[in-house]
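This structure is a prediction, so every number in the text was calculated from the model and none was measured. Below, read A as the first sequence line, B as the second, and so on, with proteins coming before strands; counting in each chain starts at 1.
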Amino acid sequence: MKDKTWFSSTLLDWNRQSNDRQMPWKGEKDPYLVWLSEIILQQTRVEQGLPYFLRFKEKYPTVKHLAKAPEDDVMRLWQGLGYYSRARNLHHTAKHIASELKGIFPATYHDIVKLKGIGPYTAAAIASFIFGEKQAVVDGNVIRVLARIYGIDLPFDTTEGKKAFSELAQKLISDTHPGEYNQAIMDFGATVCVPANPKCDICPFADKCVAYQENRQEELPVRAKRITKKERFFYYVVLKDNKEIIITKRSANDIWKGLYELPMLESPKAIRKNIGEAVSTFLGKKVKIESYSKPYTQQLTHQTIQSVFIFIDGEDLQNVHIEGAQKVPLKKLPTFAFPKVVHLFLVENSLL
DNA sequence: AACGCGGGGAC
DNA sequence: GTCCCAGCGTT
């Protein structure tokens, strides 16, 4: 019979009998390290985030180490992981904790959720794992597990849907072992109730699972909105001599904010001719194009970006003036964080 | 309430 | 190709 604790006790039984998922931050009692792991894992698979967690823990073992690091160093360590606002907010909050909170991490969900970069999910995770507070996490795993077992076809990416899943999650969480419960439901979603081809044959909920009983596993959960991709065309200008190169920092509220790149001209559509003119206008002086790199196509979640790198013939770096640009020794390039495509170009051309 | 934000892996 | 991933901040 489905009594009040049916869900949580079934889940905790599964966790103790069948869950062998190991991760370095599991059981961690230092709130800084749990916080760090949770930020890294936002919208990121464990396997992808793991090496980053180990590198951050090694380089910044405490919140104070992180707080006194230059932002460029933090971005450099985050390079390649994506969603770079996570790194900026992580650093911002580390400085806030070190200076305003005397290095002490807040101890309640209410106070934790106020921190920049920490929302309902991360606050619930930290509050329950570290402080034993009864706050249910709601992430992609939890939504999928609950949608299937309880047959919820309300779209989860709406205000109404979010509220419904949060309330159900909070109703189901274990009174006595909230932290273990939160960990278990996410492990369960990540290993058994997976998005495609869930392992219903070994699922302890199967006989009560609405989705399984009605064979609707692939239909649940329901998302309301579909992602629309936009196309963008980036034309990068390689301005270098034997020892220096010109780079710029992305500062607009756009993709890759906080990272560095080469001077770049963006076009709403592919420029098929007169690229020389466009580049000359961009640089404010007549230039002759020496050659082009191969086109680099990058598939991101919300946009497709095609980038071409343009080599300029006989350019004199002294006479180039680009707003916000800086000339740096080639040797120093490894200290800057670049978007994946720029990094790849630099590596393929032996500049990095 | 709606939108923007990376990169990688599974299918 | 599409979808999803230990979500969040901004507008």
Side-chain angles (χ1 to χ4, degrees), chain A residues 21 23-26 28 34-53 75 78-90 92-93 112-126 128-129 135-145 147 155-163 165-166 169 179 182-191 193-198 218-230 232 250 252-259 297-305 337-344:
Chain A
R21 199 177 192 217
M23 292 165 293
W25 46 83
K26 227 182 202 182
E28 176 61 59
V34 171
W35 166 46
L36 173 62
S37 73
E38 294 301 340
I39 300 300
I40 287 175
L41 291 171
Q42 287 170 6
Q43 293 290 281
T44 303
R45 291 170 198 281
V46 168
E47 314 84 73
Q48 189 187 1
L50 179 56
Y52 286 83
F53 173 78
M75 299 306 288
W78 199 274
Q79 175 176 246
L81 194 56
Y83 284 165
Y84 297 93
S85 66
R86 292 183 293 171
R88 297 197 308 273
N89 290 335
L90 179 75
H92 170 93
T93 295
I112 296 169
V113 80
K114 291 178 183 165
L115 300 173
K116 196 158 193 175
I118 297 185
Y121 163 77
T122 304
I126 298 170
S128 64
F129 295 160
Q135 288 287 343
V137 293
V138 181
D139 72 336
N141 291 305
V142 173
I143 287 168
R144 186 171 56 255
V145 170
F156 64 85
D157 56 338
T158 61
T159 303
E160 187 188 5
K162 286 187 182 81
K163 183 167 183 286
F165 280 99
S166 303
N182 276 340
Q183 183 63 61
I185 192 169
M186 291 192 286
D187 284 345
F188 181 77
T191 60
C193 197
V194 290
N197 307 312
E218 302 296 337
E219 299 171 24
L220 298 174
V222 174
R223 178 193 290 276
K225 297 184 267 291
R226 276 301 134 209
I227 333 145
T228 56
K229 272 193 183 175
K230 68 171 172 180
R232 302 176 72 174
R250 291 183 67 87
N253 283 324
D254 190 3
I255 188 175
W256 302 329
K257 182 178 180 181
L259 273 62
T297 300
Q298 199 177 13
Q299 290 293 347
L300 302 180
T301 305
H302 356 259
Q303 40 192 299
T304 301
I305 300 175
F338 296 104
K340 207 76 181 169
V341 63
V342 178
H343 188 265
L344 179 61

Proximity to the side chain of A:Arg21 - top-ranked nucleotide from C:dA6, B:dG7, C:dG9: C:dA6

Protein-nucleotide distance (A:Gln298, atom CD; B:dC5, atom P), rounded to Å: 13 Å

I'd like the P distance from B:dG6 over to C:dT10, given in whole Å. 14 Å

Assign A:Asn182 to base, sugar-phosphate, or nothing according to its heavy-atom contacts below 4.0 angstrom with the strands shown. nothing

Can you check whether any acceptor in the base of B:dG6 is under 3.5 Å from a donor in the side chain of A:Thr44, or vice versa? yes

At less than 4.0 Å, is any side-chain N or O atom of A:Gln303 found next to OP1 or OP2 of B:dC5? Yes or no. yes

So, does A:Thr158 use its side chain to make a donor-acceptor pair with the main chain of A:Phe156 at under 3.5 Å? no

Do A:Tyr121 and A:Glu38 meet the criterion of a side-chain donor-acceptor pair at a distance under 3.5 Å? yes

Does a side-chain N or O of A:Trp78 approach OP1 or OP2 of B:dG6 to a distance below 4.0 Å, or not? no

Is there a donor and acceptor pair closer than 3.5 Å between the side chain of A:Arg144 and the base of C:dA6? no

Given C:dA6, C:dC4, B:dG6, the nucleotide with the shortest approach to the side chain of A:Arg223: C:dC4

What I want to check is whether an N or O donor and acceptor connect the side chain of A:Thr301 with the base of B:dG4 at under 3.5 Å. no

Report the nucleotide, chosen from B:dG6, B:dA2, C:dC8, that has the shortest atom-to-atom distance to any side-chain atom of A:Lys225. B:dA2

Let me know the distance between CD1 of A:Ile255 and C1' of B:dG7, rounded to the nearest Å. 10 Å

Donor-acceptor pair, A:Asn182 side chain versus A:Gln135 backbone, under 3.5 Å? yes

By the 4.0 Å heavy-atom rule, please label A:Ile118 as base, sugar-phosphate, or nothing. sugar-phosphate

Taking the nucleotide of DNA chain B with the closest heavy atom to each, which residue, A:Arg86 or A:Asn197, is nearer the 5' end? A:Arg86

So for A:Gln48 and B:dG7, does any side-chain atom that can act as donor or acceptor lie under 3.5 Å from a complementary atom in the base? yes

Could you tell me how far B:dC3 sits from C:dA6 if I compare only their P atoms? Round to whole Å. 25 Å

Looking at side-chain heavy atoms only, is the closest gap between A:Leu36 and A:Leu90 below 4.5 Å? yes

Please work out if A:Trp35 contacts a base, only the sugar-phosphate, or nothing of the nucleic acid, heavy-atom cut-off 4.0 Å. nothing

Has A:Ser85 got a side-chain N or O lying under 4.0 Å from the OP1 or OP2 atom of C:dG9? no

Main chain of A:Val34, side chain of A:Ser37: is a donor-acceptor contact present, judged purely on distance under 3.5 Å? yes

A:Phe129 atom CZ is separated from C:dA6 atom P, nearest whole Å, by 12 Å

Base, sugar-phosphate, or nothing: which does A:Glu47 touch, judged by heavy atoms less than 4.0 Å apart? nothing

Closer than 3.5 angstrom, by distance alone: can the side chain of A:Arg223 be matched with the main-chain N or O of A:Asp157 as a donor-acceptor pair? no

Categorize A:Gly80 for me: base, sugar-phosphate, or nothing, with a 4.0 angstrom heavy-atom threshold over every strand shown. sugar-phosphate

Measure the distance from CG on A:Leu81 to C1' on B:dG6 and round it to the nearest whole Å. 8 Å

Atom-pair distance (CD on A:Gln42; P on C:dG7), nearest Å: 7 Å

Figure out the NZ/P separation between A:Lys26 and C:dA6, and round it to whole Å. 13 Å

Using a 4.0 Å heavy-atom cut-off, does A:Leu259 contact any base of the nucleic acid, only the sugar-phosphate backbone, or nothing at all? nothing

May I ask you to decide if A:Lys257's main-chain N or O and A:Arg88's side chain share a donor-acceptor pair within less than 3.5 Å? yes

Under-4.0 Å side-chain N/O to phosphate OP1/OP2 contact, A:Arg45 with B:dA10: no

What is the distance from CE of A:Met23 to C1' of C:dA6, rounded to the nearest Å? 8 Å

Of all the nucleotides listed (B:dG8, B:dG6, C:dA6), which has the minimum atom distance to the side chain of A:Tyr83? B:dG6

First encountered from the 5' end of DNA chain C, between A:Asn141 and A:Asn89: A:Asn141

For a quick check of understanding: with a heavy-atom distance under 4.0 Å over all strands, which category does A:Ser37 fall into, base, sugar-phosphate or nothing? nothing

Any side-chain N or O of A:Lys229 under 4.0 Å from OP1/OP2 of C:dG1? no

Base, sugar-phosphate or nothing for A:Arg88? Non-hydrogen atoms, less than 4.0 Å. nothing

It should be established whether A:Gln43 places a side-chain nitrogen or oxygen under 4.0 Å from OP1 or OP2 of nucleotide C:dG7. yes

So, does A:Tyr52 use its side chain to make a donor-acceptor pair with the main chain of A:Gln79 at under 3.5 Å? yes

If you look at every strand shown and take non-hydrogen atoms under 4.0 Å, does A:Asp157 touch a base, only sugar-phosphate, or nothing? nothing

Starting at OH of A:Tyr121 and ending at C1' of C:dC5, how long is that distance when rounded to a whole Å? 11 Å

